[in-house]
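Shown next, in structure tokens, is the structure this report addresses.
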Amino acid sequence: MIGIFDSGLGGLSVLASIASALPHANLVYLADTAHVPYGEKDDRFIRERVLNIGRHLVDHGCTLIVVACNTATAAAVAALRKSLPNIPVVGVEPGVKPAAASSTSGHIAVLATESTARSERLARLIREHAGTLQVDILPCPGWATRVETLHLDDPGFTETARRHLAPVLAAGADRIVLGCTHYAFLAPLLEPIVAGRALLVDVAGAVARQCVRLAATSAHGQGRLTLLATASPERLQAALPALGLNHLGTRLSGPACRASV
Ligand code: DGL
């Protein structure tokens, strides 16, 4: 069984890629909705949540853990790997490497939560893979919460996003990295803003390929999906159709449940 978690709905974008890459795997998705958003919390708090959730998923029978959250990966993936030495842990990091490799202008931008934006892990990722490029980091406060509330097609927000991206697009950034798993659900709104000037870069597909490499026996199951949330599990399940993920509903083993973590 593969355990996938995020602060809330964002990691569902990663879950969807894993589900299509591993159709027979049994998957558990845990949304820490009692504590979303992580992006405004301090590292210590996030680390504690990640360690508790990782342990909870292993106790649930998971043999591969996916931290489907850039913020949690930046703050705590190293600690999680240390605390679960026998379990493979896949983290999610902003796609700086593919963006840098494909940029023709030599200028990219990373959209991220405030926590990821200030993290040493992102700074290192940029040094290692985009050291010769211009890289702008754009914290996007409130964007993950917008996805949580499912307010995805508000014209007011489109205008906010347009203003947020205008300076980097005008300066020639040709790759815009979606450095938070929630932002994948904002892509339909962001695409028309960047069209003709830049491409959006998301890593859900690469994360799914890494899961295929590491899944071993976790790949073989009945293709079931269990949804868990630390608050309002019914909202997590109701979000599937709202986020265009109706097809995941067919894998559900039962109604979403509350997890006490
Ligand atoms: N989805 C998360 C990420 O990838 C975090 C969003 C949040 O809780 O602030 O960073």
Side-chain angles (χ1 to χ4, degrees), residues 3-18 29-50 52-54 65-80 89-96 99 109-123 125-126 137-152 157 161 164 176-187 190 200-208 210-211 227-232 235-236 239 242-243 245 259 261:
I4 301 152
F5 74 93
D6 179 36
S7 57
L9 303 179
L12 291 172
S13 58
V14 178
L15 167 70
S17 285
I18 296 172
Y29 183 84
L30 190 149
D32 194 10
T33 37
H35 301 100
V36 67
Y38 281 176
E40 298 164 11
K41 311 277 192 308
D42 64 44
D43 283 8
R44 224 176 99 188
F45 179 86
I46 298 169
R47 205 152 35 235
E48 198 178 313
R49 294 308 301 153
V50 167
N52 289 344
I53 292 168
I65 304 284
V66 182
V67 185
C69 174
N70 295 262
T71 306
T73 299
V77 77
L80 183 62
V89 174
V90 177
V92 175
E93 294 193 293
V96 169
V110 182
L111 310 183
T113 65
E114 290 144 293
S115 173
T116 302
R118 63 169 181 264
S119 69
E120 175 48 34
R121 225 182 146 92
L122 177 59
L125 198 64
I126 291 171
I137 301 173
L138 300 187
C140 302
W143 287 26
T145 301
R146 174 159 294 275
V147 174
E148 287 298 312
T149 55
L150 299 175
H151 286 146
L152 299 178
F157 178 67
H164 205 54
I176 308 293
V177 178
L178 302 178
C180 168
T181 52
H182 280 74
Y183 303 168
F185 295 114
L186 298 174
L190 298 174
L200 302 177
V201 178
D202 182 46
V203 296
V207 171
Q210 178 68 350
C211 290
L227 293 180
L228 303 174
T230 53
S232 313
R235 285 197 61 243
L236 172 61
L243 296 173
L245 301 174
V261 194

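Just so you know, ligand 1 is whichever comes first in the structure, and atom 1 is the first atom listed for that ligand.
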Between [X] and ligand 1, does any nitrogen or oxygen pair lie at a separation below 3.5 Å?
{"X": "Thr116", "value": "no"}
{"X": "Cys69", "value": "no"}
{"X": "Glu40", "value": "no"}
{"X": "Thr181", "value": "yes"}

Give the contacting part of [X] toward ligand 1: side chain, backbone, both or neither, where contact means a heavy-atom distance below 4.0 Å.
{"X": "Thr71", "result": "both"}
{"X": "Ser7", "result": "side chain"}
{"X": "Ala144", "result": "side chain"}

Rounded distance (nearest 0.5 Å) linking atom CG of Asp43 with atom CZ of Arg118: 6.0 Å
Between [X] and [Y], is any pair of side-chain heavy atoms under 4.5 Å apart?
{"X": "Ile65", "Y": "Ile53", "result": "no"}
{"X": "Leu190", "Y": "Leu178", "result": "yes"}
{"X": "Tyr29", "Y": "Leu236", "result": "yes"}

Close-contact set for ligand 1 against [X] heavy atoms, below 4.0 Å:
{"X": "Asp6", "answer": "1 (N), 2 (C)"}
{"X": "Gly39", "answer": "7 (C), 8 (O), 9 (O)"}
{"X": "His182", "answer": "1 (N), 2 (C), 6 (C)"}
{"X": "Thr113", "answer": "6 (C), 9 (O), 10 (O)"}
{"X": "Asn70", "answer": "3 (C), 4 (O), 10 (O)"}
{"X": "Cys180", "answer": "1 (N), 2 (C), 3 (C), 4 (O), 5 (C), 6 (C), 10 (O)"}

Show every donor-acceptor pair shorter than 3.5 Å between a side-chain atom in residues 10-17 and any protein atom, with sequence neighbours excluded, or say none if there are none.
| from | atom 1 | to | atom 2 | distance (Å) |
| --- | --- | --- | --- | --- |
| Ser13 | OG | Gly10 | O | 2.7 |
| Ser13 | OG | Thr181 | O | 3.1 |

Around atom CZ of Arg235, are there more than 12 heavy atoms from other residues, nucleotides or ligands closer than 6.0 Å?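 No - once you tally the heavy atoms of other residues, nucleotides and ligands closer than 6.0 Å, there are 12 at most.
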Among Thr145, Asp32, Thr71, find the residue that satisfies the side chain to side chain contact (heavy atoms under 4.5 Å, CB included) test when tested with Pro37.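 Passing option: Thr145.
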Give the residue and atom name of whichever protein heavy atom lies nearest to atom 7 (C) of ligand 1, and the separation in Å to one decimal. Tyr38 N, 3.3 Å
Contact summary for Ile18 and Cys211, nearest pair of heavy atoms: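 Heavy atoms of Ile18 and Cys211 come nearest at CD1-SG, 3.8 Å.
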In terms of ring plane angle, is the pair His164 and Trp143 parallel, tilted or perpendicular, where the classes change at 30° and 60°? tilted
